[in-house]
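Report on one structure; see the data block that follows.
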2 protein chains.
Amino acid sequence: MSSSPGIGGASLLGSLETCRGDPADVKEGTGHVHGKRRLIELTEQLRAKSRKVTGPRQKILDVLRTNRHPATIREVFAQMPRGDCDLVTVYRSMHLLEGMGMVKRFDFGDGAARFELVNGRDGGHHHHLICTSCDRIVELEDCFAQEMEEAVAARNGFKSVTHKLEFFGVCPKCQTGHRV
Amino acid sequence: MSSSPGIGGASLLGSLETCRGDPADVKEGTGHVHGKRRLIELTEQLRAKSRKVTGPRQKILDVLRTNRHPATIREVFAQMPRGDCDLVTVYRSMHLLEGMGMVKRFDFGDGAARFELVNGRDGGHHHHLICTSCDRIVELEDCFAQEMEEAVAARNGFKSVTHKLEFFGVCPKCQTGHRV
DNA sequence: TTGTTTTTGCAAGTCATTTGCAACTAGAGT
DNA sequence: ACTCTAGTTGCAAATGACTTGCAAAAACAA
Ligand SMILES: [Mn+2]
Ligand SMILES: [Mn+2]
Ligand SMILES: [Zn+2]
Ligand SMILES: [Zn+2]
């Protein structure tokens with residue numbers, strides 16, 4: 001019997017032909033790229049750094065790819081077909097992907113780290129608005145802190161300055177006559 | 001023998017007379033208030049909310065009062081006279097103080113939360129610049145994100161919006177010919 | 001197919017923070 | 001000054017996110 005390419009016998013990636021022209025590949029406006037093509041790009045990145053394209057990794061990337069908001073390790077794990085891989089593998093894979101710059105880590109203050117697939121070679125730096133009542137997350141396109149970052153760096157003689165910024169508040173749906 | 005006001009026999013607070021005019025009470029320029037007077041104000045806040053002014057709490061407030069940068073629970077604990085109270089008590093006290101708005105919590109991304117005494121009834125909202133190489137912390141006076149906070153809140157219909165913002169980079173002393 | 005390197009699963013460990021509970025006080029009342 | 005009680009504390013144990021050790025399993029180049 002031949003070795004199956006992924007876990008469960010079927011590869012998540014179809015043929016290149018199948019992917020070409022996939023209407024879901026580009027979600028206009030946002031610049032985000034979804035669909036199989038994206039997944040292939042991702043696995044290529046793995047190969048390029050001589051990391052193995054394994055079943056668990058493909059599944060994890062596929063889950064991340066479909067998430068519109070940063071997800072915790074447990075959330076990613078929960079979204080994978082049951083028993084597909086160990087929780088620890090998700091931790092390890094995420095660490096690898098983060099190190100490769102393929103995913104970005106976010107911290108919303110609750111105990112668990114959240115991860116989002118990086119789109120575009122620029123990094124797609126952006127921030128979030130989180131509802132403290134229902135945990136709804138709003139993706140804030142672009143960043144408005146670049147200037148102050150440069151100012152802070154220059155004023156204090158720091159190099160390679162980056163920043164972490166998140167907003168918290170009460171979303172419209174949670175404002176029904178409660179605390180102001 | 002009379003009951004000692006604090007732990008260890010001596011109260012951290014002297015008499016009001018002793019405190020009045022303490023030259024260390026006001027550190028001009030920053031608006032931060034230090035010295036015994038500040039400590040008395042703090043204990044008053046506890047009494048005002050019918051929380052008990054206990055030995056451990058006085059010690060913890062005293063340690064926080066002398067810290068120029070946000071400190072972790074363990075750091076605060078380490079700065080207290082040996083065996084003065086349990087680590088758990090520091091956790092619980094910090095939680096209480098945070099709830100009362102007397103201390104503010106910060107998260108620099110390393111596993112442990114950091115706390116800083118809130119100065120001024122306004123809250124003294126500000127941010128930090130942390131060296132990713134030596135952990136040096138720079139206190140950034142004032143906040144430059146208020147406008148964008150309002151914009152983000154308005155644009156998304158959120159109320160009571162706040163933000164968390166910290167900068168990370170390599171400080172001058174750590175820039176000796178290393179990575180740029 | 002084989003051999004070498006990387007990955008994975010599972011168990012166990014680390015570390016910050018929380019919780020259960022009985023013993024203990026600060027502060028109010030007497 | 002003495003009593004009472006709600007609020008506190010210490011100690012042990014629990015929780016939860018995340019990491020690590022190790023042998024079995026899989027990827028992929030030769
Ligand atoms: Mn996002
Ligand atoms: Mn500060
Ligand atoms: Zn930004
Ligand atoms: Zn701010």
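Worth saying up front: this structure is predicted, and the values here are computed from it rather than measured.
One distance of note links CZ of A/F167 with CG of B/N156; it measures 10.0 Å at 0.5 Å rounding.
Between B/H69 and B/E139, the side chains place a donor N or O and an acceptor N or O closer than 3.5 Å (distance only, hydrogens not considered). There is no side-chain donor-acceptor pair under 3.5 Å between A/E166 and B/H163.
Within the 4.0 angstrom heavy-atom criterion, only backbone atoms of the sugar-phosphate kind lie near A/R51; the bases stay farther away.
Nearest nucleotide to the side chain of A/V53, out of D/dC28, D/dA17, C/dT17: D/dC28. Among the nucleotides D/dT9, C/dA11, C/dT8, the one closest to any side-chain atom of A/V88 is C/dA11. Nearest to the side-chain atoms of A/R92 among the listed nucleotides C/dT17, C/dT8, D/dG10 stands C/dT8. Side-chain proximity of B/R57 to D/dA17, D/dT8, D/dG10: nearest is D/dT8. Checked against D/dT9, C/dT7, D/dC18, the side chain of A/T54 finds its nearest nucleotide in C/dT7.
A/K52 has its NZ atom 15 Å from the P atom of D/dA25, to the nearest Å. To the nearest angstrom, P of C/dA16 lies 18 Å from NE2 of B/H95. As rounded to whole Å, 14 Å separates atom C1' of D/dT19 from atom CD of A/E98. In this structure, A/L46 atom CG and C/dT5 atom P are separated by 20 Å, rounded to whole Å. Put simply, CZ on B/R47 is 13 Å from C1' on C/dA28, counting in whole angstrom units. Atom pair B/K49:NZ and D/dT8:C1' shows a separation of 18 Å (rounding to whole Å applied). In this structure, B/Y91 atom OH and D/dT15 atom C1' are separated by 13 Å, rounded to whole Å. Separating the CG atom of B/L87 from the C1' atom of D/dA13 is a distance of 15 Å, rounded to the nearest angstrom.
For the helix from C/dT1-D/dA30 to C/dT30-D/dA1, the end axes, each set by the C1' atoms of five terminal pairs, are bent relative to each other by 30° (nearest 10°).
Relative orientation of the B/F108 and B/F106 rings is tilted, given thresholds of 30° and 60° on the angle between their planes.
Residues B/R114 and A/D86 each lie close to DNA chain C; by heavy-atom proximity, the contact nearer the 5' end of the strand is made by A/D86.
For residues 88-100 of chain A, the side-chain hydrogen bond (donor to acceptor under 3.5 Å, both in side chains) pairs, not counting sequence neighbours, are A/E98-A/R105.
Looking at residues two or more places apart in sequence or on another chain, you find no side-chain hydrogen bond (donor to acceptor under 3.5 Å, both in side chains) involving A/K164.
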Verdict with reasoning, A/K59 to A/D62, per salt bridge (Lys or Arg N to Asp or Glu O under 4.0 Å):
CA-CA 5 Å; A/K59 297 269 176 57; A/D62 200 42; over 6 Å; no
